[in-house]
Visitor: 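There's a structure below that I have some questions on.
As the structure is a prediction and not an experimental result, all values here were calculated from the model. Order of the sequence lines fixes the chain letters, A, B, ..., with proteins taken first and strands second; residue numbering starts at 1 for each chain.
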Amino acid sequence: MPVKGRIVVNEAYCKGCELCVDACPQQVIALDPVRITAKGYHPATLVQEGCTGCGICAIVCPEAAITVYREAAKARQTAAA
Amino acid sequence: MVMLDEVVVYQRPQSLEECATHYCPGCTHGVAHRLIAEVIDEMGLRERMIGVASVGCSVFAYNYFDFDFVQAPHGRAPAMATGIKRVLPDRIVMTYQGDGDMASIGMGEIVHAAARGENITVFFLNNANYGMTGGQMAPTTLPGQQTTSSPKGRDVETQGYPVRASELLATLEGASYVVRRSLHDPKNIRMAKKAIRTAFEVQVRGLGFSMIELLSICPTNWGMTPVQSLHWLEEHMIPYYPIGDYKVHPIVAELKI
Amino acid sequence: MQTEIIIAGFGGQGILFAGQLLAYAAMDNGLETTWIPSYGPEMRGGTANCTVIIADEEIGSPVVRNPQVAIVMNRPSLDKYEPLVKPGGLLVVNSSIIDRTPERKDIQAALVPANDIAEQLGDRRMANMVMLGAFLANLPVLSIEAIEKALQEHLPERHHKLLPKNYQALREGARYLAEKV
Amino acid sequence: MARELWKGNNAIAEAAVRAGLQAYFGYPITPQTELLEYLSARMPELGRAFVQAESELGAINMVYGAACTGARVMTSSSSPGISLMMEGISYIAGTEVPIVLVDVMRGGPGLGNIAPAQSDYNQIVHGGGHGDYNAIVLAPASIQESVDLTYEAFDLAEKYRAITVILIDGSIGQMMEPAEMPPMRPLKTEYPDWAVRGMVEHPGERRVLSSIYLDPPDEEAANLRMLRRWQQVEANEVRFKGYYLEDARFVVVGFGSAGRVALSAVRAARAEGIPVGLLRPITLKPFPVKALDELAQRVEGILVVEMNSGQMLEDVRRVVGGRVPVEFYGRLGGIIPMPDEVLEEIRRLSREPLTQDGHPRDRWLARMPRSN
């Protein structure tokens, strides 16, 4: 079972440049077609299950807008059991 | 979806101010800022940092890094950094300069800071054009590259050849660590961060001048999307500006980092 | 009371140092003094001159058109400064290498074979001391002893073995008294 | 301390060292080079910073960086080098960090020559760099005065967060006179609350120094703040020296070497019975307006003597405001006027009916020989 992760995009920083969308190995990030940030951008967001918390989106993000979380090892064991 | 028992894999570094940047969407200045801030956090250098901002798109760098900063005249950041470092030798002094600033108007200052082996760290963002003033030809603009001041593409017959700053500075005895990295994909970004780490280690240990050239994109002035820009960088810039270590002093090569 | 002295010659004749010795000696004697060189891109071998003023009050201009004394160590300097010496003033001429005698009748002149004397003493570089000795014998604004003391204090250490010869040069020069030309 | 014979350039360097100079950055140029040479030995021997920069641009920006740390810092140059430094000087002024700058003037414009001149007056006193700023300009006329003013220049710079310029001509840099050095001050250990020294020295307080105020109201506010500080300089720091002014019917105004030459001429004129005095401004900026204004109310004529084409002349005329005839005598191109030339001008001033017609520079120029 793959590791579960999630991202939180700080909309104060995100400019919708799509570098994270392009870089995501799981292809689970897209620009939110509905939401618009205070600066007028469609922010990046997780659009489907499958985030592994690999952090690649954060590595390419020019705005340091993404916080990446990953399921802790202990939690995984619990879930697997 | 709230997940319990999770760990933070990545979060914004402390050495970045809590504010939005003025950079265009996708601009890799932001990536460079972030990497530098991350390394400063990891090495615990923030309290000892003094940055020198330059003129160009990164003119407001001092607004984004959360440590002491001064603002230099166009091209003169290495000279200001020299003044600071000579008075406060145990502070960690960095400049952050673009290609217009460092490789054009500031060529004298950078060459001599390197020649003196000045114990400072220089971050050199190369995006092959003058970004802030609207995309004019820079000393780093590629042959044939169109800019607003080389509308038919840079003609080397009349407009000369691009400057390869890393190769040039690497010839100087005083330079201890001069490398070129790129910010166009995760692998290269990780390599860039490692180089930034090495550069600061060089300074912390008093080993002399270090410069990290970072190949960057300028989607707005290149007239491309950020993702297209990354591909353009990879296809066009890297062949002319190969990624590599141009000067690694033997003592630096032995550093265990 | 103010005395203006111009010392002039070729670069390498010790012109500037001779002037500095006067200034040191004047200062050590509690007098006001200025020393000002003419400086040029030619570091060596060209012409050199300096003006020394010795006074007992605040000195105004450090430069003068008409000095009371001109110490000339080569022909171009004689040609340049003879006409400028104040009437009644003193001209000290290095007759070893200057092939003419002064013409003015309203000043005094001491003709000193400075290079010959210096070479007899063993070092032509001491010609400047011979000239200083002659100057002070004719216009005792400072004593020879004051110059000797200044020499002792300001001649670079490595030349100190030459001190006795320099004293001798000063005294040899002092034997040349000026006459109306 | 006993008097010693000092060359001007060396004396200024040593006075700066004794004032607590922590860092010097410079570039060789005649006739100031001895200053740099002197400090190249003296600063390292005291464990202080010295860098021979790659250019005047490099030097002034090293000074700028060091000044941002609150350190006592100085550079020196001569006219063409000062022109190159003007960019940095404007930035330093705009950042409100104190520095001491020594300009040992030579003949110009352009490469000119290396002989003494006063032709940087306008550049130094009335700007040079871009933007609204004021620098304190001190014009010593002797080696002792150079020493004393250099020693004090750092205090002035720090008190008013201003650039303080020691403005001399090449002859003062090159001449020797007896001077007494002030005592060696300890290096400073406390720094002002604006100094950028790394948060390790001011925990929790991030400091940024910059001359950029992108929003015009911010720039205006900065300009006004600097201007109000300058008013304090004008109120507190005017210096000049007067000679024989009590009963003077004529007055010569000259600074630096020209002022000294004028002193000799004034004494000679007094010996001839001409009631003439001398006003020698020591601060060229702030200019001794009150002293000159007072003289303009009681003398019959004013002669301005400079080693330039009448740059301070305009400041004198502004103060005098047409109340008294002003005449001018200048020598240019690296020539020091001789006392007898100035004496002749004083004689003319006292003898001829004075006119207010036309500009004094034009009248002077008409008297100057045409050589080509």
Side-chain angles (χ1 to χ4, degrees), chain B residues 14-15 17-18 22 40 44-55 59-95 105-116 118 120 174, chain D residues 22-25 27 43 47-73 75 84-92 94-95 97 99 129 187 191 195-214:
Chain B
Q14 278 203 321
S15 290
E17 274 280 0
E18 295 286 324
H22 73 287
I40 288 168
L45 297 177
R46 183 165 158 257
E47 306 292 309
R48 288 166 66 195
M49 288 301 303
I50 299 179
V52 184
S54 61
V55 172
V59 66
F60 294 123
Y62 57 81
N63 282 334
Y64 308 139
F65 288 107
D66 191 13
F67 46 81
D68 276 13
F69 245 90
V70 298
Q71 165 70 56
H74 203 14
R76 319 294 177 225
M80 270 190 99
T82 298
I84 294 166
K85 188 72 182 184
R86 293 293 179 119
V87 172
L88 297 172
D90 72 332
R91 293 317 121 84
I92 306 303
V93 182
M94 62 168 255
T95 73
I105 192 170
M107 193 52 112
E109 285 74 13
I110 189 65
V111 166
H112 288 278
R116 283 191 303 270
E118 210 63 60
I120 59 172
Chain D
Q22 289 163 287
Y24 173 91
F25 307 94
Y27 187 77
M43 294 294 277
R48 307 183 190 180
F50 171 92
V51 178
Q52 178 175 324
E54 67 276 10
S55 68
E56 286 86 353
L57 279 173
I60 192 68
N61 284 289
M62 290 175 195
V63 161
Y64 184 15
C68 287
T69 73
R72 289 207 150 178
V73 54
T75 187
L84 270 170
M85 289 184 178
M86 275 301 163
E87 174 196 60
I89 288 169
S90 170
Y91 277 73
I92 288 164
T95 310
V97 289
I99 69 156
L187 291 187
Y191 291 90
V196 167
R197 301 181 62 79
M199 287 160 71
V200 66
E201 277 196 33
H202 32 85
E205 183 201 347
R206 187 168 92 87
R207 292 180 184 168
V208 172
L209 278 174
S210 163
S211 64
I212 193 169
Y213 297 98
L214 216 54

Visitor: Would a distance-only check, ignoring hydrogens and angles, find a side-chain to backbone donor-acceptor pair under 3.5 Å from B:D68 to D:R207?
Guide: yes
Visitor: For D:A66 versus B:G83, what's the shortest heavy-atom pair and its separation?
Guide: CB-O, 3.5 Å
Visitor: State, to 0.1 Å, how close D:G65 and B:I84 come at their nearest heavy-atom pair, and which atoms those are.
Guide: O-CG1, 3.2 Å
Visitor: Pick whichever of B:R46, B:R48, B:Q71 has the most heavy-atom pairs under 4.5 Å with chain D.
Guide: B:Q71
Visitor: Which residues pass the ring-ring contact (aromatic ring centres under 6.0 Å, His included) test with B:Y62, not counting sequence neighbours?
Guide: none
Visitor: How long is the span from the CE atom in D:M62 to the NE2 atom in B:H112, to the nearest 0.5 Å?
Guide: 9.5 Å
Visitor: Do B:R76 and D:Y64 have side chains that get closer than 4.5 Å, going by heavy atoms?
Guide: no
Visitor: Not counting sequence neighbours, list each pair that qualifies as a salt bridge (Lys or Arg N to Asp or Glu O under 4.0 Å) and has a residue in residues 50-60 of chain D.
Guide: B:R116-D:E54
Visitor: Calculate, to the nearest 0.5 Å, the distance between atoms CD1 and CD belonging to B:I50 and D:E201 respectively.
Guide: 8.5 Å
Visitor: Measure D:L214 against the heavy atoms of chain B and call it side chain, backbone, both or neither at under 4.5 Å.
Guide: side chain
Visitor: Considering all heavy atoms of both residues, which atom of D:G58 and which atom of B:A79 are nearest to each other, and what is their separation?
Guide: O-CB, 3.5 Å
Visitor: Of the backbone (N, CA, C, O) and the side chain (C-beta and beyond), which part of B:R91 lies under 4.5 Å from a heavy atom of chain D, both, or neither?
Guide: side chain
Visitor: Is the backbone N or O of B:F69 less than 3.5 Å from a side-chain atom of D:R206, with the two atoms forming a donor-acceptor pair by type?
Guide: no
Visitor: D:E205, D:Q22, D:E87: which one forms the most heavy-atom pairs within less than 4.5 Å of chain B?
Guide: D:E87
Visitor: Which bit of D:V196 is near chain B, if near means a heavy-atom gap under 4.5 Å: side chain, backbone, both or neither?
Guide: both
Visitor: Is B:V93 in contact with chain D via its backbone, its side chain, both, or neither, using a 4.5 Å heavy-atom distance?
Guide: neither
Visitor: Determine the minimum heavy-atom distance between B:M80 and D:C68, stating which atoms define it.
Guide: CE-SG, 3.8 Å
Visitor: Using non-hydrogen atoms only, which part of B:E17 is less than 4.5 Å away from chain D: side chain, backbone, both, or neither?
Guide: side chain
Visitor: So which part of D:R48 gets closer than 4.5 Å to some heavy atom of chain B, the side chain, the backbone, both or neither?
Guide: neither
